[in-house]
Amino acid sequence: MLNQEPFVQKMPVRLDFTPEVEKATAPLYEKVASIYNADHWRALAPYVFEINRLKEEKNAVILAHNYMTPDIFHCVGDIVGDSLRLAQVAAETDADIIVQAGVHFMAETSKIISPEKTVLIPDMSAGCSLAESITPADVMLLREKYPGVPIVTYVNTSAEVKAVSDVCCTSGNAVKVVEGLGVPEVLMIPDEYLAQYVATQTNVKIHTWKGHCEVHERFTPEDIARFRKQDPNIVVLAHPECPPEVIEASDYAGSTAQMVDYVETKRPARVVLITECSMSDNIAAANPDMQLVRPCQLCPHMKRITLPKILHSLQTMENEVIVDLDIAAKARKAVDRMLELSK
Ligand code: 13P
Ligand code: SF4
């Protein structure tokens, strides 16, 4: 049996499932009925209702990453996608408030791009092992070691690290950004595996750093061999944060949005996504005819974001993300250059 249970977050039932809530949220329930049973929905729906009401009242927008659970992704997210899309939208939205349903570096990126907006993150401790792996002092040492070599910094970093970088990239545009610089060599920090993947796609020489994603580094080629043994026709898609031997054993590597595009355009009968597990749940909810294997590796940081916490941040305006203005201005140059190069 290939399919596994979706990852479902338990909800405290604290708000009432009134007839008004039931009626207003019925079209949203249709989108996620394959994931949540009716009892579970009774607990989720009052939060969905109240969040959507408050968003309208406060002119707020929720930017939800592909790793959010289906209740957030399908029922309260206004814009959903990968890090690149969320950054592009942060630059364009005319909402007064951005609630970042994702991790802290994503909220900082939104604040860097839109300093005039209030950016909230429902849980301040939603971090990222890659962002933790490098400091501005490390970057300055690298500059000394590789004088004149541009520093291409993955968006999964702090604003302070972006501020001492030349340009940012995401997993969706890394090759384009590296090639767009028109130089023979670059430093790509901090994700060693993303840098190694980009090196296979370009002639630009890539130096890297020893940062890893604590979720994607857990996948092994043996996992893929097991999936292929269970079903020789299965299509295997991997995120470029995976180790090189995992990408090698896969049929395709791409950002979370590129994986979604792949399955929605090629519509493979059976597919496994080597990435965080809520991605598969979200695709499965939208494509009930597709058979997805769900190799569940949870990102503990992404999973800190829940409907009650989103509601709390909208009600109280707590957990506002603030970036020092000088740091933000310097980091913005690196982010803007990325947005320009990825057009
Ligand atoms: P994407 O840019 O592909 O959405 O990836 C972000 C991330 O944190 C993956 O672990
Ligand atoms: Fe960071 Fe990995 Fe979680 Fe993405 S999945 S936020 S890279 S720890």
Side-chain angles (χ1 to χ4, degrees), residues 7 63-69 72-73 77 79-90 100-110 121-134 152-158 161-162 168-177 188-198 201 208-219 237-243 246-247 250 252-263 273-283 294-305 335 338-339 342:
F7 172 73
L63 306 189
H65 186 261
N66 287 325
Y67 294 163
M68 290 295 102
T69 45
I72 298 173
F73 185 90
I79 307 292
V80 295
D82 66 353
S83 312
L84 177 59
R85 171 138 165 81
L86 300 186
Q88 286 164 332
V89 170
Q100 199 83 34
V103 291
H104 193 262
F105 76 80
M106 295 176 178
E108 275 194 337
T109 305
S110 293
I121 181 140
D123 188 323
M124 273 289 173
S125 60
C128 170
S129 65
L130 281 166
E132 288 300 313
S133 74
I134 193 158
V152 181
T153 296
Y154 196 26
V155 283
N156 298 38
T157 45
S158 67
V161 166
K162 290 184 178 77
C168 288
C169 74
T170 68
S171 54
N173 64 17
V175 177
K176 214 169 174 181
V177 167
M188 249 198 104
I189 57 168
D191 188 350
E192 183 182 29
Y193 297 152
L194 175 66
Q196 287 173 341
Y197 168 70
V198 173
Q201 307 294 305
T208 187
W209 182 254
K210 284 270 178 217
H212 296 142
C213 161
E214 66 184 88
V215 178
H216 291 92
E217 71 177 354
R218 283 186 234 141
F219 291 107
L237 313 184
H239 196 278
E241 288 172 7
C242 292
V246 170
I247 295 181
S250 304
Y252 173 81
S255 77
T256 56
Q258 288 165 339
M259 286 193 247
V260 174
D261 283 354
Y262 185 104
V263 293
L273 307 186
I274 309 296
T275 191
E276 212 270 352
C277 50
S278 289
M279 265 261 315
S280 306
D281 297 341
N282 290 327
I283 293 177
R294 300 184 176 117
C296 202
Q297 292 288 5
L298 285 174
C299 172
H301 311 290
M302 292 279 184
K303 296 294 90 95
R304 288 183 202 281
I305 310 300
V335 174
M338 165 186 86
L339 294 175
S342 52

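Computed from a prediction, not measured in an experiment: that's the story for all the values here. Each ligand, and each atom within it, is numbered from 1 in the order the structure gives. Along the sequence shown, the residues carry numbers beginning at 1.
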Do [X] and [Y] come close enough that some side-chain heavy atom pair is under 4.5 Å?
| X | Y | value |
| --- | --- | --- |
| Q297 | I274 | no |
| M302 | S278 | no |
| S133 | W209 | yes |

Can you say whether the rings of Y67 and H216 are parallel (under 30°), tilted (30 to 60°) or perpendicular (over 60°)?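 Correct class here is tilted.
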Under the rule for side-chain hydrogen bond (donor to acceptor under 3.5 Å, both in side chains), what residues qualify as partners of S171, not counting sequence neighbours?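 Result, side-chain hydrogen bond (donor to acceptor under 3.5 Å, both in side chains) vs S171: H239.
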Residues E276, K303: salt bridge by 4.0 Å N-O rule: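 Answer for the salt bridge query: yes.
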Do any pairs count as a salt bridge (Lys or Arg N to Asp or Glu O under 4.0 Å) and have a residue in residues 188-198, sequence neighbours left out, and if so which ones?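 As it turns out, the salt bridge (Lys or Arg N to Asp or Glu O under 4.0 Å) pairs with a partner in residues 188-198, which skip direct neighbours, are E192-K210.
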Applying side-chain contact (heavy atoms from CB on, under 4.5 Å) to H65 and S83, what does each step give before you reach the verdict? CA-CA 7 Å; H65 186 261; S83 312; 4.3 Å; yes
Atom 2 (Fe) of ligand 2: which protein N, O or S atoms are under 2.8 Å away?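 Listed by chain and number, the nearby protein N, O or S atoms are C213 SG.
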Per-ligand residue contacts, ligand 1, heavy-atom threshold under 4.0 Å: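 Within 4.0 Å of ligand 1, protein side: H65, Y67, D82, S83, N156, S171, H216, H239, E241, S255, T256.
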Is the backbone of A90 close enough, under 3.5 Å, to the side chain of S110 for a donor and an acceptor to pair up by distance?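 No; zero donor-acceptor contacts below 3.5 Å.
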